Amino acid sequence: MTEMETMAWFHACSVEDVPSNGGVCVKYGEEQIALYHFTRRNEWYATQNECPHRRQMALSRGMIGSQNDVPKVACPFHKKTFSLVTGECLNDDECSIRTYPVKIEGGHVFIGVEGIV
Amino acid sequence: MRVVVVGNGMVGYKFCEKLVAKNTHGQFELTVFGEESRPAYDRVHLSEFFSGKSAEDLSMASADWYFSNNIQLHLGDPVQKIDRDRKTVYSHKGLEVHYDYLVLATGSSAFVPPIPGVEKNGVFIYRTIEDLELMKAWAGRAKKGTVIGGGLLGLEAAKALLDLGIADTSVIEFAPRLMPRQVDELGSQLLQSKLEALGLTIYTAKNTSAILGEEAITGLSFADGSILESDMLVISAGIKPRDELAKAAGLLTGPRGGIVVNDLLQTSDPDIYAIGECALHNEMIYGLVAPGYEMAEVVVGQLTDSEKAFTGFDMSTKLKLIGVDVASFGNPFINDGETRTIVFNDGINGVYKRVNISADGKQLLGGILVGDAEQYNMLLQTCKNKIVLPPNPEDIILGARGGESQEAGVLSLPDDAYICSCESVTKGAICKAVEDGEETVDAIKKCTKAGTGCGGCLPMIKDLVNHTLKAQGKYIRNVICEHFHYSRQELYDLVKLHELKSYEDVLNKLGTGDGCELCKPSVASILASLWNEMILKKGNDTAQDSNDRFLANIQKGGTYSVVPRIPGGEITPDKLIVIGQVAKKYHLYTKITGGQRIDLFGAHLSDLPLIWEELIEAGFESGHAYGKALRTVKSCVGSTWCRFGLHDSVSFAIRVEERYRGLRAPHKIKSAVSGCIRECAEAQSKDFGIIATEKGWNLYVCGNGGSKPQHALLLATDLDEETCIRFIDRFLMFYIKTADPLTRTATWLNKMEGGIDYLRNVVVNDSLGIAAKLEEEMQLLVDSYKCEWKEAIENPEIRKRFNHFVNAPEEKDPSIAFEEMREQKRAKEWK
Ligand code: SRM
Ligand SMILES: Cc1cc2nc3c(=O)[nH]c(=O)nc-3n(C[C@H](O)[C@H](O)[C@H](O)COP(=O)(O)OP(=O)(O)OC[C@H]3O[C@@H](n4cnc5c(N)ncnc54)[C@H](O)[C@@H]3O)c2cc1C
Ligand code: SF4
Ligand code: FES
């Protein structure tokens with residue numbers, strides 16, 4: 001069985017709810033997930049919304065971009081940047097963030113929240 | 001092989017870091033005992049705990065780091081006994097751990113002289129975060145503070161007391177002058193006067209005989225019979241190596257403390273090493289972090305593959321006393337008749353420099369810098385590497401003759417010269433890293449660790465990076481980031497030439513990759529300065545800096561502030577009432593700002609459009625407090641009411657503010673208009689300031705408040721209003737076109753060749769023949785101004801973005817929390 005098949009998918013919003021090359025915050029139970037549409041690369045990403053630096057619910061409002069081709073998001077508070085792929089902090093910090101898989105079906109965005117990871 | 005480390009301070013941590021790097025086959029099992037409850041933190045920058053850094057900020061590595069590197073870390077659990085026969089340590093909590101090698105990194109504690117009364121409440125030492133927390137808790141009720149000890153740490157502690165709000169702080173030094181071990185008589189005098197200017201009271205040659213008071217301290221008495229009232233005391237009279245554990249285990253210790261080690265840093269038991277401030281090498285305790293790191297390196301070498309030995313270390317230091325530069329290096333004092341000493345003593349500007357030079361004038365032997373220590377690193381390396389001095393050795397301190405000299409200096413260093421002493425990184429290693437493709441200072445920091453300690457070497461690293469790139473034939477420019485190989489000025493011209501209007505178009509045409517948080521706001525600002533279109537126009541919205549994207553300043557906790565424009569600071573009672581009503585309705589904290597207007601803090605993202613709707617209805621518009629744009633034009637009341645006023649400064653300020661409102665620039669722009677030379681509007685601290693004269697207005701430019709205040713310079717005198725406006729048009733447009741990103745006008749001018757004279761030629765005398773064009777471009781921007789908040793609330797697509805949850809638009813961010821304070825709310829303190 002592949003990872004995809006056992007994943008629980010959560011319906012977040014529709015594609016046009018997310019600004020191009022930007023993020024939105026999705027409520028999943030008590031959790032907050034940041035969802036990004038990297039239109040330029042035709043890619044979707046999701047991470048925790050909380051920035052681990054000062055624990056601010058802010059990553060969805062950050063600017064996205066790339067560093068040596070690694071897609072990343074910059075926290076609006078103190079500009080710490082995180083890889084959207086691995087969640088690791090790119091400014092040589094110890095902290096990292098959780099990432100989630102995203103899939104698009106029929107104009108809707110789904111975030112993979114549970115299952116075999 | 002099991003290695004046990006006793007002590008998780010700076011050096012103990014560095015040892016772990018270095019051993020982990022060599023532990024590629026998992027051959028070492030590492031166990032660390034620390035007495036303090038926190039993992040190792042940066043003690044060198046301990047004082048920053050008082051200027052806002054948290055314990056977490058100071059941390060060298062998180063507990064996770066130890067975990068993921070398989071290090072057993074026992075905190076709050078000091079080792080109490082070493083059984084050398086069984087090669088086992090016993091901890092306070094009862095752990096028994098066997099070792100093959102034991103590393104003692106127990107550091108030192110503050111030396112407390114046996115003065116009667118040291119046990120009283122309100123008497124502190126200055127060594128750990130706990131000490132600082134205790135001081136902080138006590139300082140609230142203290143009015144008069146005293147520090148015993150006028151050395152490096154004592155002076156730092158004194159500054160900390162000032163930072164804690166104890167304005168009346170004294171320093172007591174036993175020796176006849178401050179910092180007797182690092183600085184000479186003249187240098188000390190200057191240092192003392194600088195510290196006095198900071199508000200400290202300094203007593204030298206004073207011997208404390210008792211600490212007065214019942215339970216808590218009330219004062220100090222001295223051998224000369226005098227008494228000083230004081231309700232808080234910090235003792236910083238030196239350090240005492242922590243050798244008690246070693247001593248009890250029968251290891252050899254020095255008569256005045258310290259665990260005796262040889263050149264391999266072995267104690268008298270070859271399986272036990274001692275490193276850092278607890279080690280006594282050649283009768284010397286090294287009370288600095290760099291030699292400790294070097295010791296860690298030597299022991300890691302011993303345990304792995306290297307034969308390196310510790311042969312002593314340079315004790316040069318640069319102090320990070322906030323507000324006063326002091327450094328001493330090599331042998332600062334020699335005065336043996338053979339050597340030559342050059343002294344530069346500038347009493348007016350408070351700069352003292354001394355260098356000691358060999359008799360043949362070829363070598364630098366040591367020196368002292370007070371008041372300006374910029375050349376410290378260069379001089380230190382010149383001294384350590386025995387670099388032959390120029391024919392006029394005084395150049396090395398009088399130097400700074402053109403920017404070249406410093407760079408030439410770094411280049412003359414040999415490859416094995418240490419550039420970063422904290423992390424022992426050589427010039428060769430840095431140049432090699434650049435050649436291997438690490439082409440920015442940040443990349444160098446990350447890959448070599450150079451510059452991550454005290455940071456003093458960063459300018460040299462920058463020079464080395466630039467030079468090495470140049471040597472490889474790469475052309476160095478102030479490029480914006482990895483995505484645009486242009487300077488801001490070039491980009492501005494190209495965007496204009498190609499008439500590009502969105503971030504995507506600019507990136508496609510002129511850049512590479514996908515952009516980032518550096519180029520996006522810079523390009524967005526250029527687009528706004530050129531075309532003045534609504535900044536949240538689709539495609540440009542997500543290229544805006546976060547504050548611009550939501551047309552408000554984000555704050556601690558995630559709420560926003562609302563700042564309506566109040567031109568010139570003039571406001572009607574009706575409008576004041578509206579602000580009050582809106583603030584009450586949306587539960588906002590209100591404060592008069594330093595810019596003569598009112599800020600409403602603590603707004604939820606989704607309330608912003610509602611709040612602005614009401615404000616706009618009442619005739620307000622955006623104040624652009626969030627943008628790199630015109631902020632405020634402050635005014636004094638001027639001739640309409642003031643008995644000295646020469647002209648109507650309020651009317652002129654309103655006119656100026658309304659003309660340039662919404663103007664986007666490389667950085668924010670501020671202005672002020674004063675009605676006479678008494679200057680109540682503080683116009684000379686602004687990017688452009690206007691002061692009334694008998695005959696008209698004087699125009700000042702390129703002033704700045706902020707962390708590096710700079711007075712504005714006079715550009716033109718006795719102008720009529722129209723000419724004044726024309727000159728401002730030209731000045732601002734010229735700035736917008738040519739400045740680097742995030743450069744205020746003051747810094748822009750400082751970098752401009754020819755300085756204010758050149759600028760005056762361009763703006764007043766039109767030396768470049770562009771004045772008419774600049775005015776025309778400005779007029780275009782003035783004519784196309786619209787209030788962006790008005791546009792935002794009228795556009796449903798944009799309004800939609802002001803919700804916290806995309807899938808629950810009616811809900812607010814539940815993590816936002818407030819506290820009560822003086823009948824208003826405030827953001828809850830973050831962790
Ligand atoms: C609200 C206010 C403080 C107050 O309560 O009085 C303030 C608040 C902030 N200032 Fe300021 N500054 C305020 C007047 C000033 C002044 C005084 C003045 O304008 O006369 C100065 C010194 C003058 C100057 O700029 O030259 C000032 C120098 C700064 C600086 C340093 C600029 C520099 O060139 O060094 C920053 C940092 C920056 O811009 O990079 C800054 C940044 C900030 C930021 C934006 C920090 C941030 O990024 O969050 C603060 C936003 C608070 C918020 O959430 O709204 N603030 N700030 C003042 C708003 C004035 C207004 O009505 O717009
Ligand atoms: C305010 C201040 C400013 C300073 N500024 C500078 C500066 O500008 N430049 C500079 O080079 N140096 C500076 N120093 C000195 C520098 O901090 C020290 O040289 C450095 O911390 C020494 O590291 P260490 O690991 O040897 O000792 P420490 O950092 O003191 O660490 C020793 C640790 O071992 C623990 N320990 C002791 N006994 C035991 C035991 N039995 N079991 C378990 N744990 C134990 C201690 O609790 C402590 O946590 C400054 C120091 C202070 C206090
Ligand atoms: S308002 Fe200005 S001075 Fe005050 S804390 Fe914020 S940035 Fe610093
Ligand atoms: S809170 Fe995110 S960088 Fe500080």
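Reckoned from all heavy atoms, side chains included, excluding hydrogens, waters and symmetry mates. Chain identifiers are assigned alphabetically (A, B, ...) following the order of the sequence lines, protein sequences preceding nucleic acid strands; residue numbering begins at 1 within each chain. Predicted model only: the values in this text are computed from it and were never measured.
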Please flag which part of [X] lies under 4.5 Å from any non-hydrogen atom of chain B: side chain, backbone, both or neither.
| X | result |
| --- | --- |
| A:Ile64 | both |
| A:Asn68 | both |
| A:Ser60 | backbone |
| A:Val24 | side chain |

Quick check on the interface: out of [options], who has the most heavy-atom pairs with chain A under 4.5 Å?
| options | value |
| --- | --- |
| B:Lys520, B:Lys800, B:Arg801 | B:Arg801 |
| B:Leu507, B:Asp541, B:Asp514, B:Thr542 | B:Asp514 |
| B:Asp545, B:Thr512, B:Asp442 | B:Asp545 |

query = Distance under 6.0 Å and angle within 45° of the ring axis: does A:Arg41 meet both against A:Phe38?
reply =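 Relative to the ring axis of A:Phe38, which defines the angle, A:Arg41 lies inside both limits.
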Given heavy-atom pairs under 4.5 angstrom as the criterion, report whether the side chain, backbone, both or neither of [X] touches chain A.
| X | answer |
| --- | --- |
| B:Tyr503 | neither |
| B:Asn547 | neither |
| B:Glu797 | neither |
| B:Ile816 | neither |
| B:Glu517 | both |
| B:Lys556 | backbone |

task = Working to the nearest 0.5 Å, report the span between NE2 of B:His804 and CD of B:Glu810.
result =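 Here the rounded value is 12.5 Å.
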task = Output, in order, the C-alpha distance, side-chain angles, deciding distance and verdict of side-chain hydrogen bond (donor to acceptor under 3.5 Å, both in side chains) for B:Tyr66 and B:Asn8.
result = CA-CA 11 Å; B:Tyr66 295 88; B:Asn8 186 226; 3.3 Å; yes
ask   = Are the aromatic rings of A:Tyr45 and A:Tyr36 close, with centres under 6.0 Å apart?
value =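 No: the rings miss the under 6.0 Å criterion.
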message = With a 6.0 Å cut-off on the ring centroids, do B:Trp65 and B:Tyr13 count as close?
response =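 Yes, the ring of B:Trp65 comes within the 6.0 Å limit of the ring of B:Tyr13, centre to centre.
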message = With side-chain contact (heavy atoms from CB on, under 4.5 Å) as the criterion, how do A:Ile104 and A:Val15 come out once you've worked through the C-alpha distance, each side chain's angles and the decisive distance to 0.1 Å?
response = CA-CA 8 Å; A:Ile104 310 297; A:Val15 167; 3.7 Å; yes
message = With side-chain contact (heavy atoms from CB on, under 4.5 Å) as the criterion, how do B:Lys445 and B:Thr440 come out once you've worked through the C-alpha distance, each side chain's angles and the decisive distance to 0.1 Å?
response = CA-CA 9 Å; B:Lys445 276 169 89 175; B:Thr440 62; over 6 Å; no
ask   = Does B:Ser59 reach the main-chain N or O of B:Ala55 with its side chain, forming a donor-acceptor pair under 3.5 Å?
value =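 Judged by distance alone, no pair lies under 3.5 Å.
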